[in-house]
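For reference, the structure discussed in these notes is given below.
Read the numbers this way: they start at 1 and go in the same order the structure lists the ligands and their atoms.
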Amino acid sequence: MLTATCHCGAVSVEVPRKPRRLTSCNCSICRRYGTLWAYYNAADVRLVAARGATDRYSWGDKSLRFVRCSTCGCIMAWEAAHPAASSRMGVNARNFEPAAIEGVRVRRLDGASTWKFLD
Ligand SMILES: [Zn+2]
């Protein structure tokens, strides 16, 4: 198991294994957040936070919600707004200890326009 934690420690995200690949996306929100995504089946991800310790943001078609720590603001994950529509979940790998993801390949996704990998 691997745990990602926000800066203040109020929120953590547990995943079953080290990611096989990370995605750096240039879309309008990911480039601002500076996130690095590791994808998992939502059923395998455990978000650990006290009630009220997280805030959520969605935009556009509102199919995804970005989850952040209400105290320190770190972006922890995105989740499907309608779990029936998608079983995927994105975990922000920036919140893992750097050594935990050392050597994992990072792919650059052109989420801003073509939705293809640029590398
Ligand atoms: Zn925090």
Side-chain angles (χ1 to χ4, degrees):
M1 194 187 72
L2 208 56
T3 303
T5 55
C6 70
H7 193 259
C8 76
V11 183
S12 56
V13 179
E14 295 171 359
V15 297
R17 55 168 176 77
K18 180 175 172 172
R20 295 185 185 101
R21 179 194 286 175
L22 297 171
T23 299
S24 170
C25 175
N26 64 0
C27 83
S28 64
I29 191 157
C30 292
R31 68 181 168 84
R32 287 179 166 87
Y33 282 162
T35 45
L36 201 52
W37 298 113
Y39 303 120
Y40 294 93
N41 193 311
D44 294 334
V45 179
R46 189 162 161 254
L47 183 70
V48 184
R51 201 176 168 80
T54 54
D55 290 314
R56 283 168 170 73
Y57 173 70
S58 56
W59 65 291
D61 65 6
K62 297 192 168 21
S63 59
L64 299 181
R65 288 193 295 237
F66 292 86
V67 182
R68 65 179 183 271
C69 172
S70 305
T71 303
C72 68
C74 289
I75 304 296
M76 304 307 293
W78 59 253
E79 60 188 10
H82 308 288
S86 172
S87 59
R88 289 222 305 173
M89 189 161 169
V91 173
N92 184 9
R94 298 274 185 207
N95 298 312
F96 290 125
E97 285 303 314
I101 53 166
E102 201 179 311
V104 179
R105 185 179 177 197
V106 176
R107 296 212 65 190
R108 292 169 50 235
L109 178 68
D110 184 23
S113 57
T114 65
W115 277 90
K116 289 184 174 140
F117 285 109
L118 296 167
D119 51 11

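The salt bridge (charged side-chain N to carboxylate O under 4.0 Å, His left out) contacts involving residues 88-101 comprise nothing, where partners must be two or more places apart or lie in separate chains.
If you take OH on Tyr39 and CZ on Arg21, they are separated by 9.5 Å, rounding to the nearest 0.5 Å.
For the Zn ion (ligand 1), the count of nearby protein N/O/S atoms, taking only those under 2.8 Å, is 4.
Think of Trp115 as one node in a network of Ile, Leu, Val, Met, Phe, Trp and Tyr side chains linked at under 4.5 Å; its network also takes in Leu109, Phe117.
Scored by the side chain to side chain donor-acceptor pair (under 3.5 Å) test, Glu14 finds Arg46 as partners (sequence neighbours excluded).
Using a cutoff of 4.0 Å between basic side-chain nitrogens and carboxylate oxygens, Lys116 and Asp110 are not scored as salt-bridged.
Ring geometry, Tyr57 versus Phe66: the interplanar angle falls from 30° to 60°, so the pair is classed tilted.
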